[in-house]
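Below, chains carry the letters A, B, ... as their sequence lines are ordered, and counting in each starts from 1. Quick note: numbers below take in every heavy atom, side chains included, and nothing from hydrogens, waters or symmetry partners.
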Amino acid sequence: MWTDYLIWIFLIIGLIFNGLGTIGLLRFPDVYTRLHAATKATTFGSIFTSLAVVTYGFSQLYLTGNSANLTLSLHTIVAIAALILTNPVGAHAIARAAHRSGVMPEQAVVDKLAEVKK
Amino acid sequence: MIEVWFLAAFILIIWIILSTVRAVAGPTLPDRVVALDTINTLMVAIMIVLSVAYKQIIFVDVAIVYALLSFVATLYIAKYLEGGI
């Protein structure tokens with residue numbers, strides 16, 4: 001069925017973006033660039049691997065008529081909503097905490113947020 | 001079609017092991033927190049993929065609860081780094 005190709009495409013996009021996020025986490029020079037790579041790429045990739053599961057559930061529901069597949073798809077959509085809501089807020093909190101605890105970017109010479117800190 | 005999901009979970013486990021390198025070797029404390037956040041997100045993805053591989057829908061519910069609890073843990077560690085606790 002044609003949804004098999006869609007599942008393959010979603011899984012490959014998700015795995016590639018998760019890998020790019022991990023490589024960026026390993027290779028970038030300081031906290032802020034590592035946070036930039038890891039959070040955005042990993043959230044995007046996890047959304048796409050979960051979309052592959054949603055597509056699988058709906059296609060199996062259409063093929064077999066088993067209602068457990070509908071449960072799988074709807075619960076996975078709730079998990080995607082939890083990822084989208086929680087991941088950017090956590091990344092913002094980590095960046096704010098890193099700046100407040102005194103970690104500077106790799107080649108920074110001025111800190112224009114210094115007077116905001118206190 | 002089942003082997004595809006196990007293969008995807010295996011590749012995601014490889015990414016988790018690579019992230020663990022940064023969590024162990026990170027020079028500063030926020031580096032380790034970033035690596036921990038990445039590992040949490042990848043763990044949610046692995047649980048969702050394995051729920052199809054093992055045909056257990058309960059894994060997805062575990063993934064939802066894991067995502068919300070890891071969010072609370074990340075906020076708590078960030079609050080600690082700011083010096084609020």
With rounding to the nearest 0.5 Å, note down the distance linking [atom1] in [X] to [atom2] in [Y].
X	Y	atom1	atom2	value
B:Ile11	A:Thr49	CD1	OG1	11.5 Å
A:His92	B:Leu75	NE2	CG	10.5 Å
A:Thr22	B:Leu12	OG1	CG	8.5 Å
A:Leu20	B:Trp15	CG	CH2	8.0 Å
A:Ile94	B:Asp37	CD1	CG	4.5 Å

Search all heavy atoms of [X] against all heavy atoms of [Y] and return the closest pair with its distance.
X	Y	result
B:Asp31	A:Arg34	OD1-NH1, 2.7 Å
B:Ala67	A:Thr86	O-OG1, 4.5 Å
A:Ala82	B:Leu68	CB-CD2, 4.3 Å

Give, as side chain, backbone, both or neither, the part of [X] having an atom under 4.5 angstrom from any heavy atom of chain B.
X	answer
A:Ala41	neither
A:Leu11	side chain
A:Val53	both

Determine whether A:Leu83 and B:Phe71 make a side-chain contact, defined as any pair of heavy atoms from C-beta on separated by less than 4.5 Å.
->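 Side chain of A:Leu83 against side chain of B:Phe71, heavy atoms only: no contact under 4.5 Å found.
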Which ILVMFWY residues are connected to A:Ile23, directly or by a chain of links, through side-chain heavy atoms under 4.5 Å apart?
->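 Its cluster mates, by chain and number: none.
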Heavy-atom count around A:Tyr62 OH within 6.0 Å, excluding the residue itself: above 12?
->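 It does not: A:Tyr62 OH has 12 such atoms or fewer within range.
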Among the listed options [options], the residue most often paired with chain A at heavy-atom distances under 4.5 Å:
options	value
B:Leu81, B:Thr41, B:Thr74	B:Thr41
B:Ala45, B:Pro30, B:Ala35	B:Pro30
B:Pro27, B:Ser19, B:Ser70	B:Ser19

With sequence neighbours left out, what residues match A:Arg96 under side chain to side chain donor-acceptor pair (under 3.5 Å)?
->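 If we apply the side chain to side chain donor-acceptor pair (under 3.5 Å) test to A:Arg96, skipping adjacent residues, the hits are B:Glu82.
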Which side-chain N or O atoms in residues 46-66 of chain B pair as donor and acceptor under 3.5 Å with protein atoms at least two apart or in another chain?
residue	atom	partner	partner atom	Å
B:Ser51	OG	B:Ile48	O	2.8
B:Asp61	OD1	A:His75	ND1	2.7
B:Tyr66	OH	B:Asn40	OD1	3.0

Identify the residues of residues 64-73 of chain A whose heavy atoms come closer than 4.5 Å to a heavy atom of chain B, ordered by number, or report 'none'.
->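 Within residues 64-73 of chain A, the residues under 4.5 Å from chain B are A:Ala68, A:Thr71, A:Leu72.
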